[in-house]
Amino acid sequence: MRRNADELAKMRQAGKVVAEMHERTRAAARPGVTTAELDQVARDVLDRRGATSNFLGYHGFPAVICTSPNEMIVHGIPGGYRLKDGDILSVDCGAIIDGYHGDAAFTMAIGEVTPEAARLIEVTERSLWAGIEQLRLGRRLHEVGRAVQQVAEAAGFSVVREYVGHAIGTAMHEQPQVPNYWPGSPGPTLKTGMVFAVEPMVNAGGPDTLLLEDGWSVVTADGRLSAHFEHTIAVTEDGPEVFTLGDRP
Ligand code: MG
Ligand code: MG
């Protein structure tokens, strides 16, 4: 699906709201704060910007952000979990403006974390940017996953297979999928106006995942740490345009 200039403008606006949700939740996340409190911070941004949530009610999901600490990979439900010094926390959220979606995630250190945790966060973010760099006119979509995988595995980490990125537009999850690994074929040729959510999930140990009994929380099978970074990005004449970046450097 290729988006026209009006559609891209709406997605740019949705992306700015998501970036602000990130800024506010990042600033609020510290030892002693609960993940439910972070959800409320993100809800306040949506309300203030006149945006709606694409997470709340998604297959019954009860919050506007996902909060996934430590060995949790994605889809954690905000609640009574109280952040503590040494945690890492992944926050994933989205927003809808005039029917158009943004979706992005980050992982942060809470207080002082181990060197391995810090390196996992750094490498996962770097793998996202290596993937974004591939979103150029005429290239093939699965170069994204190849680049992500290369960065993650060169650092001695692994990429999750069961959960992947996606095209995005009038729905949060559109086809085609964007794997974080080389799936064995180059995939579609990239054209201007295509928009994707690229979202590497990188594990410190092996790539295998487990779904917890709440039906949402996905954790590493080996119990080791996992990090997650995501942006919503358009393919433009001038290269990749990241909608969910905000003003952060
Ligand atoms: Mg997301
Ligand atoms: Mg996504």
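As the structure lists them, so they are numbered: ligands from 1, and atoms in each ligand from 1.
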* Hey, is the main chain of G102 close enough, under 3.5 Å, to the side chain of N54 for a donor-acceptor pair? -> yes
Residues at least two apart in sequence or cross-chain that pass side-chain hydrogen bond (donor to acceptor under 3.5 Å, both in side chains) with S217, listed by chain then number, are D214
Taken by chain and residue number, the protein N/O/S atoms under 2.8 Å from the Mg ion (ligand 2) read D103 OD2, H166 NE2, E199 OE2, E230 OE2
With distance as the sole criterion, is a donor-acceptor pair present between the side chains of H166 and E199 under 3.5 Å?
-> yes
- Whether over 12 other heavy atoms sit under 6.0 Å from Q150 CD: no
Distance to the ring centre below 6.0 angstrom and angle to the axis at most 45 degrees; does that hold for R161 and Y181?
yes
When the aromatic ring centroids of H59 and W216 are compared, is their separation below 6.0 Å? no
